[in-house]
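Working notes, beginning with the structure itself.
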Amino acid sequence: MSAKVCPEPAEHSGHLRFLSAVFYAGSSFLITVVNKTVLTGFRFPSYMCLGIGQMITTLVVLYAAKLSKTVQFQDFDRSIFLKIFPLPLLYVGNHITGLASTKKLSLPMFTVLRKFTILMTMILEVYILRKTFPKRLVYSVVTIVLGAMVAASSDLAFDVEGYTFILLNDAFTAASNVYTKKNLGIEGLGKYGVLFYNALIIIVPTVLASAYTGDLHKAAAFEDWVEATFIVCFLMSCFMGFVLMYSIVLCSYYNSALTTTVVGAIKNVAVAYIGIFVGGDYLFSWTNFLGLSICMSGGLAYSYLTFNTKALTRITEAPELKIAITEDSTVKY
């Protein structure tokens, strides 16, 4: 059985598109701070177990909402695997590498290196969704990435493992955003079905992997389980994991995958600015600050061109940047 794709919905109002973007930015900011507190502040040893907690929360909340008829999505059958693939694989990769890089890197450098997700998302949208982009949007994306490169050039706390995790996280995030946008149009899934079945399919292999690597034992032996403050932060992280995934799906539903990625980048720059003054793990340099400012200017330009109705009308009438992709094209990593 092949997945049936519903027709593309009519263009959503600018109000809904903007509010969904703000909701995603706020959720992403909060979970970054909470995860950093749990993994770095309390030195919780298992980012995989934290991810499992977030998946369990997603399943419990959505299943309860389905039972109470608050939300609706397709009941489970064998066609779900075909409809949802490859999102579960991308989701678990995104989750694990994101939590690992959060633990390994300072908040400012984490947010800087996340900017490369934008370029990867643009390339995947062209290749998978066959999209074209107005030149002004492309220039704003290039500005964001350029700023990230400038900022990263001053990093005095280079961590090979941390950088590897964050670049893998960029690739998983880009692919996940693009395929989320693609799968939202599949009949029977919808926003809630995508969230629920993603978590349902990947939670068992994630638990097995956590047990095999010893992460589950480390988490069980963690001594701060008796601390009320840690328990509150852990539960907040679990709940915010659900909120974040919902906000990503909602933003992707009302906007493009690239817009979802850029919104996350703008939020990350704001986190980096905050990290200059709080957190204690930021090594300030003017080069880094200049790079962050370049990123922010590119992100604000993109936001203006995307969410301002008059500007959007002008750029859609302007020449587009088209990238030809032949049928026998191959992707090189």
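Position 1 is the first residue of the sequence, and the numbers go up from there.
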(message) Give me the atom names and distance for the closest heavy-atom approach of Trp225 to Phe222.
(response) CD1-O, 2.9 Å
(request) Please list all pairs passing the salt bridge (charged side-chain N to carboxylate O under 4.0 Å, His left out) test where one or both residues lie in residues 56-65, with sequence neighbours left out. (result) none
(request) Show your reasoning for whether side chain to side chain contact (heavy atoms under 4.5 Å, CB included) applies to Val141 and Tyr302. (result) CA-CA 7 Å; Val141 167; Tyr302 182 96; 4.2 Å; yes
(message) The test is side chain to side chain contact (heavy atoms under 4.5 Å, CB included); show your working for Tyr253 and Thr180 and say whether it passes.
(response) CA-CA 9 Å; Tyr253 177 75; Thr180 295; over 6 Å; no
(message) Any side-chain to backbone donor/acceptor pair from Asn94 onto Leu90? Under 3.5 Å, distance only.
(response) no
(message) Donor-acceptor check, side chain of Ser210 to backbone of Thr206, threshold 3.5 angstrom: yes or no?
(response) no
(request) Would you please name every residue forming a side chain to side chain contact (heavy atoms under 4.5 Å, CB included) with Ala301, sequence neighbours left out? (result) Ser140
(message) Could you measure the distance from the CG atom of Leu59 to the CD1 atom of Ile203? Nearest 0.5 Å is fine.
(response) 5.0 Å
(request) Give a yes or no answer on whether the side chain of Ser247 reaches the backbone of Leu244 with a donor-acceptor pair at less than 3.5 Å. (result) yes
(message) Quick check: closest heavy atoms across Lys131 and Val126, and the distance to 0.1 Å?
(response) O-CG2, 3.5 Å
(request) Test Asn35 against Ser237 for side chain to side chain donor-acceptor pair (under 3.5 Å), laying out the working first. (result) CA-CA 6 Å; Asn35 283 346; Ser237 177; 2.6 Å; yes
(message) I'd like to know if the side chain of Lys181 and the backbone of Ser252 have a donor-acceptor N/O pair within less than 3.5 Å.
(response) yes
(request) State, yes or no, whether a side-chain contact exists between Val145 and Phe116 at a heavy-atom distance under 4.5 Å. (result) yes
(request) Compute the centroid of each ring, for Phe42 and then for Phe234, and state whether the two points are separated by less than 6.0 Å. (result) no
(request) Can you tell me which residue pairs pass the salt bridge (charged side-chain N to carboxylate O under 4.0 Å, His left out) test with a partner in residues 197-212, sequence neighbours excluded? (result) none
(message) If I compare all heavy atoms of Cys233 with all of Thr37, which pair ends up nearest, and what's the gap?
(response) SG-CG2, 4.1 Å
(request) Take atom CZ of Phe196 as the centre, draw a 6.0 Å sphere, and report whether it contains more than 12 heavy atoms from other residues, nucleotides or ligands. (result) yes
(message) Check the orientation of Phe44 and Phe230. Use parallel for under 30°, tilted for 30 to 60°, and perpendicular for over 60°.
(response) tilted
(message) Hydrophobic clustering (ILVMFWY, side-chain heavy atoms < 4.5 Å, transitive) - are Leu87 and Phe81 grouped together?
(response) yes
(request) Heavy atoms only: give me the nearest Ile144-Val262 pair and the separation to one decimal. (result) CD1-CG1, 4.1 Å
(message) How about CZ on Phe76, more than 12 heavy atoms from neighbouring residues, nucleotides or ligands closer than 6.0 Å, or not?
(response) yes
(message) Tell me which pairs pass salt bridge (charged side-chain N to carboxylate O under 4.0 Å, His left out) where either residue lies in residues 38-52, with sequence neighbours left out.
(response) none
(request) Can you tell me which residue pairs pass the side chain to side chain donor-acceptor pair (under 3.5 Å) test with a partner in residues 212-223, sequence neighbours excluded? (result) Ser46-Asp215
(message) Looking at Asn255 and Arg17, would you say the former's side chain and the latter's main chain have a donor-acceptor pair under 3.5 Å?
(response) yes
(message) Would Thr261 and Thr173 count as a side chain to side chain contact (heavy atoms under 4.5 Å, CB included) here? Give the steps.
(response) CA-CA 8 Å; Thr261 308; Thr173 301; 5.6 Å; no
(request) Can you see which heavy atom on Asn177 is nearest to which on Ala257, and at what distance? (result) O-CB, 3.6 Å
(request) Find out whether Val243 and Met240 are in side-chain contact, i.e. whether some heavy atom of one side chain is under 4.5 Å from a heavy atom of the other. (result) yes
(message) List the residues meeting side chain to side chain donor-acceptor pair (under 3.5 Å) with Ser27, not counting sequence neighbours, and say none if there are none.
(response) none
(request) State which residues pass ring pair (Phe, Tyr, Trp, His ring centres under 6.0 Å) with Tyr192; sequence neighbours excluded, sorted by chain then number. (result) Tyr246
(request) May I ask you to test the Met245-Gln54 pair for a side-chain heavy-atom distance under 4.5 Å? (result) no
(request) Heavy atoms only: give me the nearest Thr143-Ser297 pair and the separation to one decimal. (result) CG2-OG, 4.0 Å
(message) Tell me whether Phe239 at atom CZ has more than 12 heavy atoms from other residues, nucleotides or ligands lying less than 6.0 Å away.
(response) no
(request) Just jot down the salt bridge (charged side-chain N to carboxylate O under 4.0 Å, His left out) partners of Glu227, sequence neighbours excluded, or say none. (result) none
(request) Under the ring pair (Phe, Tyr, Trp, His ring centres under 6.0 Å) rule, collect the residues that match up with Phe165, sequence neighbours excluded. (result) none
(request) Please answer whether the main-chain N or O of Ala25 pairs with a side-chain N or O of Ser28 as donor and acceptor at a distance below 3.5 Å. (result) no
(message) Is there a side-chain contact between Phe18 and Tyr254 in this structure, where contact means two heavy atoms from C-beta onward sitting under 4.5 Å apart?
(response) no
(request) Give me the other members of the hydrophobic cluster that Phe85 sits in, counting Ile, Leu, Val, Met, Phe, Trp and Tyr linked by side-chain heavy atoms under 4.5 Å, directly or via other members. (result) Leu89
(request) Quick one: do Phe242 and Leu62 satisfy side chain to side chain contact (heavy atoms under 4.5 Å, CB included)? Show the steps, please. (result) CA-CA 9 Å; Phe242 159 70; Leu62 287 179; 3.9 Å; yes
(request) Enumerate the residue pairs fulfilling salt bridge (charged side-chain N to carboxylate O under 4.0 Å, His left out) with a member in residues 67-76, sequence neighbours excluded, ordered by first and then second residue. (result) Lys66-Asp75
(message) Under the rule for side chain to side chain donor-acceptor pair (under 3.5 Å), what residues qualify as partners of Thr164, not counting sequence neighbours?
(response) none
